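For the numbers below, each heavy atom of this structure counts, side chains included, while hydrogens, waters and symmetry mates do not. Note that the structure is a prediction, hence the values are computed from the model and not measured.
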Amino acid sequence: MKGIKPAQALNDYKENERYWSDGKLVYFRYNIIKNADLGSFEQFPGSWAKDKKYCYSLYTRLKNADVFTFEVLNYTYAKDKNNVWTLAGRIPEADPATFEVCDEGKQSQGFTFVLSDQNKREKIESFLPYGFGKDQNNVYYYDFALKTKILKNAIPSSFKSLNDGYFGYDENSVFCGKSILPKANPKTWKKLEDNYFYSKDQNRIYYFNTLMKEADAASFEIVIVPSIFETPKHYAKDKNFFYFSDTICSKEEFEKCIAEDMFENQKIKNKMFTFE
């Protein structure tokens with residue numbers, strides 16, 4: 001997105017308006033970008049930008065970045081002819097000539113409702129930079145943390161991402177972030193539902209990268225309790241047990257928690273419609 005519109009204040013809910021200007025200075029959120037050139041300033045999805053002299057991540061200038069070859073690959077990764085970056089900084093091990101992204105580089109943080117410029121209620125989905133990238137030598141993972149991780153034992157040539165910010169696999173292993181799911185068979189492994197972190201292969205159930213040893217793979221199912229704002233709470237059951245996330249709970253606790261969640265969700269809905 002080339003250029004930025006002058007504004008009287010930050011609109012933090014719109015991802016392409018976190019860079020903004022008061023007509024004189026350029027800001028990222030509430031931070032002044034020192035020496036930024038307003039006339040040539042260009043912002044990109046996520047938290048990347050450049051002008052005729054410099055490239056930026058958030059409000060920080062990328063050291064030694066080449067403006068003419070700088071390319072934003074997705075929410076998480078950017079590169080030029082010499083370097084590859086995430087928001088954590090330059091990835092010293094990465095080869096820019098063969099580097100490619102494996103997904104959209106973002107993970108949903110759920111929805112919130114805000115008032116639009118026309119004073120109407122607007123449903124906004126927010127994202128954080130999460131995702132996998134790879135080059136001829138390594139597979140990389142970034143999860144909005146202080147450092148980009150290298151996936152040990154991952155095979156770049158066969159690695160694929162599920163584009164959910166967490167899961168990927170190659171011909172030998174399944175990964176949740178940088179961690180391998182123990183004993184998971186990538187040939188039969190699958191994620192059970194979007195927006196949930198349960199997965200399975202032919203014999204095992206996982207929650208994130210944790211093997212749920214007591215769970216019965218044949219009868220395991222997710223109990224969906226919708227939420228209008230965020231990733232739903234994780235409830236599941238099989239022929240033997242009830243689960244909250246990966247923790248076994250009693251049937252009474254399970255049913256009580258679900259009923260409370262459904263009640264709270266409906267109460268929020270009713271309140272929203274009252275103020276429509």
Side-chain angles (χ1 to χ4, degrees), residues 1-5 10-20 26-31 33 36 41-51 54-62 65-67 69-80 83-91 93-96 98-112 114 122-135 138-151 154 156 159-168 175-178 191 194-195 197 208 229-231:
M1 179 179 294
K2 200 161 187 176
I4 52 175
K5 296 179 180 179
L10 166 70
N11 188 339
D12 209 11
Y13 291 105
K14 293 188 177 181
E15 62 187 46
N16 290 323
E17 295 185 19
R18 289 176 181 169
Y19 288 101
W20 61 286
V26 178
Y27 299 80
F28 177 80
R29 304 189 74 230
Y30 299 103
N31 299 281
I33 302 178
F41 197 88
E42 184 176 0
Q43 62 177 318
F44 303 95
S47 300
W48 304 102
K50 72 174 185 177
D51 60 25
Y54 304 113
C55 302
Y56 306 92
S57 169
L58 304 172
Y59 55 90
T60 302
R61 188 185 302 171
L62 296 175
D66 180 70
V67 172
T69 61
F70 183 73
E71 179 184 4
V72 174
L73 303 175
N74 62 16
Y75 245 61
T76 295
Y77 296 96
K79 71 175 185 176
D80 66 8
N83 304 287
V84 179
W85 291 273
T86 65
L87 297 189
R90 187 175 72 90
I91 308 173
E93 302 86 355
D95 172 37
T98 62
F99 187 88
E100 61 183 276
V101 295
C102 302
D103 47 43
E104 295 180 2
K106 59 184 181 180
Q107 196 265 332
S108 176
Q109 296 297 293
F111 293 89
T112 189
V114 299
E122 185 176 357
K123 188 176 183 181
I124 301 291
E125 186 175 12
S126 60
F127 298 92
L128 286 177
Y130 276 61
F132 296 96
K134 64 182 182 179
D135 59 21
N138 297 301
V139 177
Y140 307 91
Y141 179 68
Y142 180 71
D143 59 354
F144 201 50
L146 296 177
K147 187 177 180 180
T148 306
K149 290 94 172 172
I150 296 176
L151 275 60
F159 186 86
K160 295 182 179 179
S161 169
L162 261 62
N163 195 31
D164 64 354
Y166 289 97
F167 291 99
F175 297 85
C176 179
K178 70 183 182 79
K191 193 175 175 184
D194 290 339
N195 299 323
F197 304 114
F208 285 100
F229 287 113
E230 56 187 313
T231 301

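At least one side-chain heavy atom of F132 sits less than 4.5 Å from a side-chain heavy atom of L151. V67 has its side chain within reach of C55: a pair of non-hydrogen atoms, C-beta onward, lies under 4.5 Å apart.
Note that CG of L128 and OG of S47 are 9.0 Å apart. Values are rounded to the nearest 0.5 Å. From K134, atom NZ reaches atom CD1 of I150 across 15.5 Å, with rounding to the nearest 0.5 Å. To the nearest 0.5 Å, atoms CD (E93) and CG (N138) are separated by 7.0 Å. Annotation: the span from Y142 atom OH to T86 atom OG1 amounts to 5.0 Å, rounded to 0.5 Å. Between the NZ atom of K106 and the CG atom of D164 there is a distance of 13.5 Å, given to the nearest 0.5 Å. One distance of note links CZ of F44 with CG of N74; it measures 13.0 Å at 0.5 Å rounding.
Ring geometry for Y75 versus F127: interplanar angle over 60°, hence perpendicular rather than tilted (30 to 60°). Using cut-offs of 30° and 60° on the angle between ring planes, the pair Y166 and F197 is perpendicular.
Between K79 and P96, the shortest heavy-atom contact is NZ-O, 2.9 Å. Across Y141 and K178, no two heavy atoms sit closer than the pair CD2-N, 4.0 Å. S161 and C102 get closest at one heavy-atom pair: CB-O, 3.5 Å. The minimum heavy-atom distance between S108 and E125, with the atom names listed, is OG-OE2, 2.6 Å. Here the closest non-hydrogen pair linking R61 and Y54 is CD-CD2, 3.3 Å. Residues L146 and A88 approach most closely at O-CB, 3.5 Å, considering heavy atoms.
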Begin from the C-alpha positions of L87 and W85 and carry the test side chain to side chain contact (heavy atoms under 4.5 Å, CB included) through to its verdict.
CA-CA 7 Å; L87 297 189; W85 291 273; over 6 Å; no
Given the rule in the side-chain hydrogen bond (donor to acceptor under 3.5 Å, both in side chains) test, do D103 and Y130 qualify, once you have shown the distances and angles that lead to the verdict?
CA-CA 9 Å; D103 47 43; Y130 276 61; over 6 Å; no
Taking it one step at a time, do D135 and Y140 satisfy side chain to side chain contact (heavy atoms under 4.5 Å, CB included)?
CA-CA 9 Å; D135 59 21; Y140 307 91; 2.8 Å; yes
Please report the C-alpha distance between S126 and Q109 in whole Å, then the side-chain angles of each, then the deciding distance to 0.1 Å, and finally whether the side-chain hydrogen bond (donor to acceptor under 3.5 Å, both in side chains) criterion is met.
CA-CA 5 Å; S126 60; Q109 296 297 293; over 6 Å; no
Check the pair W48, S57 against side chain to side chain contact (heavy atoms under 4.5 Å, CB included), reporting the backbone distance first and the verdict last.
CA-CA 5 Å; W48 304 102; S57 169; 3.7 Å; yes
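For D80, there are no salt bridge (charged side-chain N to carboxylate O under 4.0 Å, His left out) partners two or more places apart in sequence or in a different chain. For D143, the salt bridge (charged side-chain N to carboxylate O under 4.0 Å, His left out) criterion is met by K149, not counting sequence neighbours.
Remark: F208 CZ is packed, more than 12 non-hydrogen atoms of other residues, nucleotides or ligands lying under 6.0 Å away.
Here the side chain of Y19 pairs a donor or acceptor atom with the backbone of L58 at under 3.5 angstrom.
Checked against a 6.0 Å centroid threshold, the rings of F28 and Y56 do not count as neighbours. Between Y77 and F99, the gap from one ring centroid to the other is short of 6.0 Å.
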